[in-house]
There are 2 protein chains.
Amino acid sequence: MAQYFVGIDFGGTNTKLGLFDSDINLLKRSSIPTDIDLECDALVEAMGNAVKELVSDAEISMDDVKAVGLASPGPAQYKKGIIEAATNLPKLVNVPMRDMLSDAVGKPVVFENDANVACWGEFAIGAAKDAEDMVFFTLGTGIGGGIVNRGKLLEGSGDNAAELGHLIIYPGGRKCNCGQRGCVEAYASATNTAKRAAEAVEDGFPSTLKEVLDKNGEITCKDVFEHSANGDPLARETTEETARALAVLCVNMLHTTEPKQIVFAGGMIAAGDALLSRIKHYFNESIWHLRKETVEICFATLGEDAGIVGAAALAKFRTQ
Amino acid sequence: MAQYFVGIDFGGTNTKLGLFDSDINLLKRSSIPTDIDLECDALVEAMGNAVKELVSDAEISMDDVKAVGLASPGPAQYKKGIIEAATNLPKLVNVPMRDMLSDAVGKPVVFENDANVACWGEFAIGAAKDAEDMVFFTLGTGIGGGIVNRGKLLEGSGDNAAELGHLIIYPGGRKCNCGQRGCVEAYASATNTAKRAAEAVEDGFPSTLKEVLDKNGEITCKDVFEHSANGDPLARETTEETARALAVLCVNMLHTTEPKQIVFAGGMIAAGDALLSRIKHYFNESIWHLRKETVEICFATLGEDAGIVGAAALAKFRTQ
């Protein structure tokens with residue numbers, strides 16, 4: 001009986017693959033560079049070959065693979081399996097990626113948004129494996145989101161549910177790349193945390209970050225958390241503002257889908273408890289007094305593997 | 001075959017009942033005063049008798065009634081069918097209302113939050129009857145919410161999903177009755193729209209509403225919309241602020257559960273297009289440019305019947 005699953009995390013730089021057993025234990029992994037200059041046919045062929053190679057390297061027959069999960073950046077029509085115009089993949093315009101890959105490997109392919117897939121990974125075997133209801137945020141260039149409600153990935157009327165980075169929490173506030181103002185992403189993503197600090201330094205606020213900016217020509221989110229830990233007031237206020245914004249996001253999600261667990265992922269969680277404890281602090285300060293809330297706010301546990309794990313786990317769930 | 005349903009809208013002043021056929025057509029209605037001084041046993045007995053009387057008045061046998069839906073104010077443990085401590089019903093503390101009523105009428109009873117029930121009514125046969133995904137707001141003393149996702153009422157880990165009036169849109173802003181600051185309810189409920197106007201008048205802002213306040217000792221939401229229509233700048237700015245807050249709420253819900261339709265209900269929608277057109281205006285101004293959104297923002301159509309209709313429709317859905 002076919003009992004193995006392949007998870008693919010399709011990114012603009014690398015495509016990571018993992019082979020999993022039916023309990024979603026990782027058996028073998030591989031990675032190929034994503035050649036963004038390839039036409040879709042060639043790109044899918046390379047991906048299909050990487051799947052077959054991974055499986056054969058593990059001395060497993062393709063007959064024993066039940067399904068493949070593919071995590072893809074957006075925007076895409078996930079329900080239809082079509083990549084519309086992914087920002088970092090210029091040649092892939094309106095391509096039926098899911099069905100093409102399915103033809104190439106001769107297996108059902110489950111195709112889903114990369115943030116949703118990482119969310120599902122944390123739900124299936126990561127930080128939220130005991131919760132039936134969770135919300136997931138990934139803090140990177142932007143803020144991606146995913147929602148598991150009553151044991152299922154929440155989907156809306158189209159392909160754009162859980163775009164949680166674009167919840168407006170400061171109407172009329174900072175301009176977001178999406179065109180809105182005051183999105184939580186415009187304040188609290190890793191990129192915008194760094195950007196707010198850089199803007200303040202450029203505006204002349206005294207900070208030990210000035211030296212970093214002068215030397216490197218930029219400030220990273222890591223710099224901000226490091227200087228905050230070292231007591232720089234500007235860096236500290238910047239990280240507090242990030243924690244406050246993320247806490248409001250947690251309050252708002254609690255009042256919407258009422259998760260049992262809220263999981264943060266992405267590069268920024270490297271900041272550790274300096275970030276997590278402050279999010280919890282502001283959450284407790286902000287939340288209503290009508291009842292005692294027991295939602296657990298925590299960090300993701302799957303790290304870089306969330307994409308391949310989630311893709312395999314979702315492939316299993318949706319082909320059951 | 002049992003094919004009739006009874007919907008009960010249990011309120012602090014009156015309890016309204018409706019008898020419905022299997023297509024949720026209203027056949028007969030009745031109403032009894034809610035005697036808040038009664039102990040739970042007596043109150044449930046009166047309610048049970050009202051159900052039987054309604055059914056017998058319609059010359060239908062109780063044998064032909066399949067289930068009863070009960071819309072109840074909160075807070076309650078809806079999944080367990082227990083009223084914990086409803087604000088206007090002081091004698092009902094930790095009472096197993098659902099099972100007691102079920103025993104009294106000899107039928108399954110479906111027990112749900114009143115805002116969720118009204119939401120379900122609009123979904124089943126009201127403003128959103130063609131949508132699989134909708135969000136519902138009721139604008140009254142507070143702002144109640146309900147979410148239908150993929151054809152089902154969204155439930156969370158407990159009994160408090162879709163408390164949408166308590167989404168924070170102005171962190172650190174106006175104090176809400178719930179203990180939070182900056183809830184949308186603290187700005188845009190009917191009560192708080194009126195209150196903001198009254199505060200501004202008391203603060204000395206010139207307005208034709210001053211005469212109303214002096215004469216009546218209060219300003220109602222209706223007054224605010226009337227004076228806004230007559231061109232009073234303070235009243236107009238107050239209603240604009242309400243529309244802006246509700247538009248942000250719409251943007252945030254679109255990015256969360258991605259509804260096809262957003263339905264506003266409650267006393268305030270009597271303001272008509274003066275309110276609806278402004279919510280749409282601010283929504284269009286605020287929403288991202290990443291893709292064209294087609295969500296329909298509209299008003300509820302069931303009016304005062306939403307409770308009994310929704311309760312009957314939900315009783316049918318959950319006993320299918």
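In terms of heavy-atom pairs under 4.5 Å with chain B, the best-connected choice from A:C176, A:G156, A:P171 is A:G156. Taking chain A as the reference chain and counting heavy-atom pairs below 4.5 Å, the highest number among B:C178, B:G173, B:G182 is found for B:C178.
More than 12 non-hydrogen atoms from other residues, nucleotides or ligands lie less than 6.0 angstrom from OH of A:Y170. At most 12 heavy atoms of other shown residues, nucleotides or ligands fall within 6.0 angstrom of atom NZ in A:K80.
Listed by sequence position, B:D133, B:I147 are the residues of residues 116-148 of chain B in contact with chain A, using a 4.5 angstrom heavy-atom cutoff. Proximity to chain A among residues 158-166 of chain B is limited to B:G158, B:D159, B:N160, B:A161, B:A162, B:E163, B:L164, B:H166, judged by heavy-atom separations below 4.5 angstrom.
The shortest side-chain heavy-atom distance between B:L154 and A:N149 falls under the 4.5 Å cut-off. A heavy-atom distance below 4.5 Å is found between the side chains of B:H255 and A:Q180.
For chain B, no part of A:R244 is nearby; none of its heavy atoms comes within less than 4.5 Å.
Nearest heavy-atom pair, B:I168 versus A:N252, reported as atom, atom and distance to 0.1 Å: N-OD1, 2.7 Å.
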